[in-house]
Amino acid sequence: MPELPEVEHLCRHLRSSIQDATITEVHLRRPGIVNPGEKRSRASSRDLLLDGTICNLERKGKQLAIEVEDGRILCIHLGMSGRVQVIKRNESVDLEPHTHCTWLLHGAPEAREIRFVDPRRFGGLWTLCSREKLLSTRWDQLGPDALIVNPDILARRLSGRSRGLKSALLDQGVVAGLGNIYVDETLFRAGLNPRQPAGTLKPDEIQCLVTEMVGILQEAIRMGGSTIRTWLDSSGKKGDFASTHRVYGRSGCLCVSCGQLLKDKIIAQRQTVWCSKCQPLRRRRR
DNA sequence: CGGTACGCCTGAAGGC
DNA sequence: TGCCTTCAGGCGTACC
């Protein structure tokens, strides 16, 4: 499922394939995916960047922003099963089921079309009239991006919090970009228990947490993301990162580090896998 | 504050 | 083989 590395991978691909292109046609097949949650009148094709020349592609957390020259922005969230397909100029690709929106391009070096596909529809498209609006209505509510967060900032955001690390790191308002896979993998590699109260970490543990988090994310980006079940990148390739998972998806298996049986439990409403020996819970004294 | 539960949604996977 | 059930989870919201 798309988390930060998958969206970053997509963002980089789009920068090289559609930046400076102009959107000449938009086909919205399922209007309900635009601005979900808002009961305002339905978005027009122009809101979906018709007649715009793409000048900037940006990511924060799991969200992607496509900006055109007059300042309009389309923000894409892939949710659980969302994908953006890039169709090359000389390619003919059948429309997949659940293709909710299609943009035709002019002036891209290779691409002629991009498509938003999202079977489970946990994702969505948001239309914004300006960058300021993107920030004020969406991105300012996110914590710092997990790829560039530094230990001091994260320490401040976790200090005084009693909630468990699993819950805190999943919260996009604390740090943006991690989902279930990368939280479990990060905690394992940092040797931290998912239920450890977030505010009890010592400076060296925060440092370790950040180092492992950034390291895992960068590694996953290099490998094209994690393919669990359905994730494919914008050219239809599977990611390779899943093969390196040490805890996620390995409940019932043995710890790769100490050989003990991994524990699994629902924590923070997510299936959580960890090693109780390598990730001991540090009880507060007295 | 934080936790718990629910609803949204489809397809993969497992059981019989 | 095929039907049925279960499970996966990002995120908003309600409630305790």
Side-chain angles (χ1 to χ4, degrees), chain A residues 1-8 10 29-40 59-64 75-84 95-101 115-126 137-143 145-146 156-187 193-201 217 220 225-232 236 238-239 241-242 245 247-252 264-273 281 284:
Chain A
M1 47 232 67
E3 298 180 26
L4 184 152
E6 291 77 14
V7 181
E8 177 65 21
L10 167 65
R29 294 181 183 75
R30 187 180 278 275
I33 57 144
V34 181
N35 301 327
E38 294 173 27
K39 45 177 73 166
R40 309 276 291 152
R59 178 195 61 76
K60 183 168 183 183
K62 305 173 190 175
Q63 303 182 33
L64 177 73
C75 180
I76 301 180
H77 192 300
L78 299 175
M80 277 292 299
S81 59
R83 281 190 298 135
V84 173
L95 210 61
E96 283 189 28
H98 313 293
T99 300
H100 305 313
C101 193
R115 298 172 183 175
F116 176 65
V117 186
D118 184 15
R120 268 172 265 186
R121 275 185 266 151
F122 279 27
L125 307 175
W126 284 262
T137 64
R138 300 192 59 79
W139 285 13
D140 284 351
Q141 287 137 43
L142 298 175
D145 188 80
R156 210 166 307 139
R157 302 185 78 84
L158 297 180
S159 79
R161 314 299 289 273
S162 60
R163 68 199 297 199
L165 283 172
K166 171 92 180 191
S167 156
L169 296 179
L170 277 175
D171 185 341
Q172 303 299 298
V174 172
V175 57
L178 304 179
N180 202 29
I181 299 173
Y182 294 102
V183 169
D184 277 12
E185 291 301 312
T186 296
L187 290 176
N193 190 281
R195 290 198 223 259
Q196 187 70 44
T200 63
L201 294 198
L217 293 172
S226 302
T227 294
I228 303 293
R229 295 166 183 232
T230 55
W231 169 256
L232 298 172
K238 293 185 174 190
F241 188 66
H245 291 169
V247 282
Y248 181 86
R250 296 192 68 245
S251 69
D264 67 283
K265 210 158 219 172
I266 304 289
I267 299 176
Q269 278 70 250
R270 297 288 179 279
Q271 187 63 239
T272 301
V273 186
L281 182 59
R284 205 155 55 98

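Just the heavy atoms: all of them, side chains too, but no hydrogens, waters or symmetry mates, feed the values below. Each chain gets a letter, A, B and so on, in the order the sequences are listed, and its residues count up from 1.
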Is it true that A:Lys166 and A:Asn180 share a donor-acceptor pair across their side chains at a distance under 3.5 Å?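 Judged by distance alone, the side chains do pair up.
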Looking at [X], I'd like to know whether one of its side-chain N or O atoms comes within less than 4.0 Å of OP1 or OP2 on [N].
X	N	answer
A:Tyr182	C:dG9	no
A:Ser167	B:dG2	no
A:Gln172	C:dG10	no
A:Arg270	C:dA8	no

(request) Please work out if A:Gln269 contacts a base, only the sugar-phosphate, or nothing of the nucleic acid, heavy-atom cut-off 4.0 Å. (result)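 Base contact.
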Mind checking A:Gly164 for me? I need base, sugar-phosphate or nothing, with any heavy atom below 4.0 Å counting as a touch.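 Sugar-phosphate: the residue A:Gly164, judged by heavy atoms under 4.0 Å, touches backbone atoms but no base.
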What nitrogen or oxygen pairs link the protein and nucleotides 7-10 of chain B at under 3.5 Å?
{"residue": "B:dC9", "atom": "O4'", "partner": "A:Arg120", "partner atom": "O", "Å": "3.4"}
{"residue": "B:dC9", "atom": "O3'", "partner": "A:Arg121", "partner atom": "NH2", "Å": "3.2"}
{"residue": "B:dT10", "atom": "OP1", "partner": "A:Arg121", "partner atom": "NH2", "Å": "2.4"}
{"residue": "B:dT10", "atom": "O3'", "partner": "A:His98", "partner atom": "NE2", "Å": "3.4"}

Checklist entry - Closest to the A:Arg163 side chain: C:dG10, B:dG3, C:dC11? => result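 Out of C:dG10, B:dG3, C:dC11, the nucleotide with an atom closest to A:Arg163's side chain is B:dG3.
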Checking contacts here: which listed nucleotide (B:dC1, B:dG3, C:dG10) is nearest the side-chain heavy atoms of A:Asn180?
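Looking only at heavy atoms from C-beta outward on A:Asn180, the closest nucleotide is C:dG10.
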- Message: So A:Tyr182 and A:Leu4, do their side chains get closer than 4.5 Å, heavy atoms only?
- Response: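 Of all side-chain heavy-atom pairs linking A:Tyr182 with A:Leu4, none is under 4.5 Å.
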Q. Backbone N or O of A:Ile181 within a donor-acceptor pair of the A:Arg270 side chain at under 3.5 Å?
A.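 Not a single qualifying donor-acceptor pair exists.
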Next on the checklist: Has A:Lys62 got a side-chain atom pairing as donor or acceptor with A:Leu178's backbone, closer than 3.5 angstrom?
Outcome noted: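 Side chain of A:Lys62 to backbone of A:Leu178: a pair is present.
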